[in-house]
*Asks:* 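Structure below; questions to follow.
No hydrogens, no waters, no symmetry mates; every other heavy atom, side chains included, goes into these values. One-based numbering, in listed order, for ligands and for the atoms of each.
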Amino acid sequence: MDMVIEGDCYQQGEFKHLEIGIDNGKIVKVAKSIDCDKRMNFGSKKILPAAIDPHVHFRDPGMTHKEDFRSGSIAALHGGVTCVFDMPNTKPPTTSIDFLNEKRGIALSRSHVDFGLFAGVQPGIDVEGLAEKVIGFKLYMAGTTGNLLVPSLRTIGSELSRIAKCGKVLAVHAEDESLRDKERDEKNLHDHLAGRNNDCETSAIRKIADAAPDCRLHICHVSARESIPLVFEQKNMTAEVSPHHLLLDRDRPIGSLGKVNPPLRTRADRQALYLAFKQGRFDMIASDHAPHTMDEKSDDFQHAPCGMPGVETMYPLMLQLVRERHLALATVVRTMCERPGEIFKIPKGKIEPGYDADLVVVDFMEGSEIRGDRLLTKCGWSAFDGMSCIFPKAVFAGGELMMEDGSQSGDRMGREVIGR
Ligand code: DOR
Ligand code: ZN
């Protein structure tokens with residue numbers, strides 16, 4: 001046994017004072033007392049599974065002035081995230097084996113967290129070849145950062161049925177391009193929402209449900225209140241919600257920092273999403289970490305790019321809501337750790353033998369405040385600036401202490417996860 005970590009461990013909905021035996025990066029035993037010379041005792045602090053963020057844009061390769069796998073992964077660790085799934089809208093886009101291998105090489109040499117890579121769906125892609133190497137496929141039904149828009153599902157009929165056969169998750173950016181209002185001159189978050197209204201999302205969800213009944217569909221960043229019943233009535237569908245759609249809306253005075261797709265919507269949408277999340281209806285939370293530089297965001301509203309960072313603040317914001325008793329810890333751990341592990345079929349997200357030793361140590365008495373300039377993401381700002389949160393005191397990835405009190409400690413490199 002390499003080491004033992006002791007503390008108040010979260011297991012099956014409750015805390016028990018236990019010892020976690022770790023060998024070769026894996027949890028091998030969880031018991032009251034384990035014999036081992038090397039140990040770390042966290043006393044009455046809480047030990048939780050680290051989070052998996054199933055939706056990040058680490059911008060590498062091609063846009064590394066915004067983020068890269070090194071900076072993004074260190075930001076992830078700061079926020080208690082030890083595994084990320086990176087989206088394909090990089091330059092070049094992750095749509096071929098060659099481009100996938102290029103990104104894979106970069107991530108293996110730079111990432112400090114484990115990572116999975118999504119392949120972008122386009123007509124003519126090598127579905128079977130890519131399926132063996134990716135965590136899932138990503139389909140963009142509306143234009144946003146990058147050039148991966150598939151405007152008509154008719155053009156990818158064969159790709160959809162082959163994705164269904166290979167059994168990988170098909171993650172969908174569900175906005176209907178044909179219902180977007182592109183003529184509008186956008187001056188603020190209200191205008192941005194008007195250009196991508198709620199029907200845009202519900203229509204896209206209906207279309208993909210019809211077109212891909214045999215795929216394991218996953219709807220990314222659900223944001224409209226009318227989408228909630230749609231995603232939960234569908235048997236072959238899972239759904240994620242993002243912290244910005246749970247906590248921010250179009251009335252937040254943050255200008256283009258809040259410009260994101262799908263857009264921040266009304267207070268009623270936010271409240272409906274929050275309620276559904278609180279009731280445990282969503283499968284996962286995903287940050288949709290999509291950093292742009294402050295300089296790029298400072299362009300006039302119409303031309304400012306869409307997206308905001310979030311991988312570093314997602315778990316800390318949710319832990320704060322638990323502390324304030326607005327959310328049950330069980331809901332947070334289920335959506336940020338357990339369900340992502342189950343859906344993507346990777347041994348992460350639980351403190352049990354056989355699982356990766358990816359853990360966070362949390363002191364619920366030690367809160368702080370989000371300050372963009374103190375974050376480790378390269379872009380250095382946050383739309384959640386000023387909000388209370390709880391950063392983990394310590395973060396372990398593969399049994400190695402990687403972050404302690406906000407400072408990087410280990411140098412373990414991340415491994416690729418592919419799932420089954
Ligand atoms: O706002 C967004 N930004 N939505 C997306 O779908 C893409 C993302 C990005 O990559 O910037
Ligand atoms: Zn995204």
*Asks:* Within a distance under 4.0 Å of any heavy atom of His292, pick out the atoms of ligand 1 and give their elements.
*Replies:*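 Counting atoms of ligand 1 from 1, those under 4.0 Å from His292 are 11 (O).
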*Asks:* Mind checking whether Thr144 contacts ligand 1 via backbone (N, CA, C, O), side chain (CB onward), both or neither, at a 4.0 Å heavy-atom cut-off?
*Replies:*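 Side chain only.
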*Asks:* Look only at interatomic distance and state if Gly307 has a nitrogen or oxygen under 3.5 Å from any nitrogen or oxygen of ligand 1.
*Replies:*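 Gly307 vs ligand 1: N/O contact under 3.5 Å present.
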*Asks:* Check this for me, if you would: do Asp269 and Arg250 make a salt bridge, where the nitrogen-to-carboxylate-oxygen distance has to be below 4.0 angstrom?
*Replies:*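 Result for this pair is no, no salt bridge flagged.
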*Asks:* Are any of the N/O atoms on Tyr140, whether in the backbone or the side chain, positioned under 3.5 angstrom from an N/O atom of ligand 1?
*Replies:*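 No, Tyr140 has no N/O under 3.5 Å of an N/O on ligand 1.
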*Asks:* Indicate yes or no for a side-chain donor-acceptor contact from Glu177 to the backbone of Gly143 under 3.5 Å, with no hydrogens or angles considered.
*Replies:*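 Yes; at least one donor-acceptor contact below 3.5 Å.
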*Asks:* Considering only protein heavy atoms, which is closest to atom 9 (C) of ligand 1, and at what distance to one decimal place?
*Replies:*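 Nearest protein contact, heavy atoms only, for atom 9 (C) of ligand 1 is Thr145 OG1, 3.1 Å.
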*Asks:* I'd like to know if Glu240 pairs up with Arg339 as an ion pair, taking the criterion as any Lys NZ or Arg NE/NH1/NH2 lying under 4.0 Å from an Asp or Glu carboxylate oxygen.
*Replies:*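 No, Glu240 and Arg339 are not salt-bridged.
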*Asks:* Taking the six-membered ring for Trp, are His289 and His57 closer than 6.0 Å centroid to centroid?
*Replies:*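 Judged by ring-centre distance (under 6.0 Å), His289 and His57 do not meet the cut-off.
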*Asks:* Have a look at ligand 1 and work out which part of Arg59, if any, has a heavy atom under 4.0 Å from it: side chain, backbone, both or neither.
*Replies:*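 Arg59 to ligand 1: side-chain contact only, backbone stays beyond 4.0 Å.
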*Asks:* Check whether any N or O atom of His173, backbone or side chain, sits under 3.5 Å from an N or O atom of ligand 1, and answer yes or no.
*Replies:*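 Indeed, backbone or side chain, His173 has an N or O that close.
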*Asks:* Of the side chain and backbone of Cys306, name the one, both, or neither that has a heavy atom under 4.0 Å from an atom of ligand 1.
*Replies:*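 The answer is both, backbone and side chain.
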*Asks:* Of all the non-hydrogen atoms in the protein, which one sits nearest to atom 1 (O) of ligand 1, and at what distance?
*Replies:*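 Sorting protein heavy atoms by distance from atom 1 (O) of ligand 1 puts Asn261 N, 2.8 Å first.
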*Asks:* Does the structure place the NZ or CZ of Lys46 under 6.0 Å from the centre of the six-membered ring of Phe15, at an angle of no more than 45° from the ring's axis?
*Replies:*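 Yes, Lys46 and Phe15 form such a contact.
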*Asks:* Quick check: of its N, O or S atoms, which one does His57 have closest to the Zn ion (ligand 2)?
*Replies:*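 Among the N, O or S atoms of His57, the one closest to the Zn ion (ligand 2) is NE2.
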*Asks:* State, to 0.1 Å, how close His221 and Glu201 come at their nearest heavy-atom pair, and which atoms those are.
*Replies:*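 That would be O-OE1, 3.9 Å.
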*Asks:* Quick one: does any side-chain atom of Gln11 pair with a main-chain N or O of Ile351 as donor and acceptor, under 3.5 Å?
*Replies:*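 Yes: the side chain of Gln11 pairs with the backbone of Ile351.
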*Asks:* Measure centre to centre between the rings of Phe391 and Tyr315, then say whether the value is under 6.0 Å.
*Replies:*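 Centroid distance Phe391-Tyr315: not below 6.0 Å, so no.
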*Asks:* Give the name of the N/O/S atom in Asp288 that lies closest to the Zn ion (ligand 2).
*Replies:*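 Nearest to the Zn ion (ligand 2) within Asp288's N, O and S set: OD1.
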*Asks:* Of the backbone atoms (N, CA, C, O) and the side-chain heavy atoms from C-beta on, which set of Met87 has a member under 4.0 Å from an atom of ligand 1: side chain, backbone, both, or neither?
*Replies:*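 Answer for Met87: neither.
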*Asks:* With Arg110, which of Thr64, Asp68, Asp60 fulfils side chain to side chain donor-acceptor pair (under 3.5 Å)?
*Replies:*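 Running side chain to side chain donor-acceptor pair (under 3.5 Å) over Thr64, Asp68, Asp60 with Arg110 returns exactly one hit, Asp60.
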*Asks:* So, are Arg267 and Asp249 salt-bridged, with charged N and O less than 4.0 Å apart?
*Replies:*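 Answer for the salt bridge query: no.
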*Asks:* Ala290 heavy atoms, cut-off 4.0 Å: which ligand 1 atoms fall inside?
*Replies:*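 Answer for ligand 1: 3 (N), 8 (C), 9 (C), 11 (O).
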*Asks:* Taking the six-membered ring for Trp, are Phe344 and Phe85 closer than 6.0 Å centroid to centroid?
*Replies:*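 Here the rings of Phe85 and Phe344 have centres that are less than 6.0 Å from each other.
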*Asks:* Just to check, does Met308 reach to within less than 4.0 Å of ligand 1 when the distance is taken from its heavy atoms?
*Replies:*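 It does not; every heavy atom stays at 4.0 Å or beyond.
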*Asks:* Taking both backbone and side-chain atoms into account, decide whether His173 has an N/O/S atom under 2.8 Å from the Zn ion (ligand 2).
*Replies:*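 No N, O or S atom of His173 is closer than 2.8 Å to the Zn ion (ligand 2), so no.
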*Asks:* Run the numbers for me: atoms of ligand 1, each under 4.0 Å from some heavy atom of Val260, listed by number.
*Replies:*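 Taking each heavy atom of Val260 in turn, ligand 1 has 1 (O) under 4.0 Å.
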*Asks:* Do any N/O atoms on His221 end up under 3.5 angstrom from N/O atoms on ligand 1?
*Replies:*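 No; every N/O pair is 3.5 Å or more apart.
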*Asks:* Closer than 2.8 Å to the Zn ion (ligand 2): does that hold for any N, O or S atom in His55?
*Replies:*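 His55 does place an N, O or S atom closer than 2.8 Å to the Zn ion (ligand 2).
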